[in-house]
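The shown structure was predicted, so the numbers you read here are calculated from the model rather than taken from an experiment. Residue numbering restarts at 1 for every chain, and letters A, B, ... go by the order of the sequence lines. In what follows, every heavy atom counts, from backbone to side chain, and hydrogens, waters and symmetry copies are set aside.
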Amino acid sequence: MANVLIDGLKERISNAIIANQSIGIILPGSNYPDLIQSLFEHIRSNPDEAWVYVTVTKPCENLFNEIEFIGDLKNIRFIDCISRAAGISKAAQNCVLIESPTMLEKLVIEIMNTFRDVDVKTKKFLVIDSLTNLIIYNDPEIVTEFFYLIINRTRTKNIHMVSIAIEEEELDKYLNRLIYLNDKILKVRDSFI
Amino acid sequence: MAVVELSKDELCLSGIEEFDVMLGGGIPVGSTVLIVGGSGCGKTTLSMQFLVNGAKNNERGVFFTITEPLFKLTKNLEGFDFYDKKLIESGMVNLIDLRIISERLGLDTEKYTVEDASALLDILKDIADELNVKRLIIDSITALCYRLQTPEMIRDFIFKLGSSLAAMKCTTLLTSEVPPRKFQYSQYGIEEFISDGIIFLGDFERKGDLIRTFQIVKMRGASHSRTKYAMSISSKNGVELAPLLRARE
């Protein structure tokens, strides 16, 4: 079942990305590991694309341990907002640590700095994993403001954004407003295949 | 106030991208600018980055420190990627301990008389002139004003210093120490009126974390932004600015 789900997700993510749209992915927590696996597999199969992955969910080191091939990927850089808050001070390979998930302006700076080094012609993608966790550490209003700022900045720089929202019983009203700012929404259900 | 558009030669670029954009290109050459902030707000780092960026652009600079000894200053500097030891070795960046100069001039290190202040002013002007500097920092003007005994002496000192350096087309930053979380520009209430520009560095708490802020309050001769920005300091890039997220500030 998991493999079918991953393949289904991979296909949907790849199709959405081909269309050069900013994508909001809403999914239940139980599908989160599969989504991440699918996303990284897409990144692995497209080495000409440049990806920046913002993690507020898990320390970078955990991602590296869970998905072994991440360490070999040359086309991805990580911005880790959670390790320092969790007492981890050593940055993994290709990873910048942000002191705290509340330092949203610093996050904007690091995202734009990371993309600055990427060739203009290269296709650029930004993953925010996840809006749900940003709202845990910040007031929803400030996450809304952050999201407006980052979505506008990335659009002007031709960077495509993938933002993740984890839905349990129902999506938080702020998350609902944010996620629908994207050009395309992927709603993942256990039964969607 | 009417603002005349300045040519590239009349602007002193900070080298900090957003800062120069906010200024409409840069600080008008020859200005005396007060960099105001509480402890830890980034006054010294911002000033040093301004100096180093100038030196990399072939503008010689001098940094007069009163608040910390040179060995501490250089040690802190070494932590930043923008710092290049060669700029000091080549004389493009000069670091001078003003307390040592005061001692060599035989001045009372605690309180200056009118004559002392005049002698110090002359030596500062001479150094700037001899080195042909285009950027000068005094860190901090508060510590220097503390040694000047009356408001008149403070006013006279800053005015004369600013005028002489402006004539040399030297842009000056004076750091001003203020208590934390207070919107005031100086300890003595005089410095801001003589300065051509004021940059206010502050901080505020968000969920227990301190967020640094940056705001241009005044810059004579420049059509500048007065928007408050968030300021980040990192060893890799030094001072960087981003729009401040304002919700529930």
Between [X] and [Y], is the ring centroid distance below 6.0 Å?
X        : Y        : result
A:Phe64  : A:Phe78  : yes
A:His160 : A:Trp51  : no
B:Phe183 : B:Phe200 : yes

Item to check | Top contributor to chain B contacts, counting heavy-atom pairs under 4.5 Å, from A:Glu99, A:Glu105, A:Met103 | outcome: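 Between A:Glu99, A:Glu105, A:Met103, the count favours A:Glu105.
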Next on the checklist: Can you tell me which portion of A:Tyr148 sits under 4.5 Å from chain B's heavy atoms? Options are side chain, backbone, both or neither.
Outcome noted: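 Neither part; nothing is under 4.5 Å.
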Checklist entry - With a 4.5 angstrom heavy-atom cut-off, which part of A:Leu104 approaches chain B: side chain, backbone, both or neither? => result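 Its backbone and side chain both get close to chain B.
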Checklist entry - Using 4.0 Å as the upper bound for N to carboxylate O, is an ion pair formed by A:Arg116 and B:Glu17? => result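 Here B:Glu17 pairs with A:Arg116 in a salt bridge, since their nearest N and O are under 4.0 Å apart.
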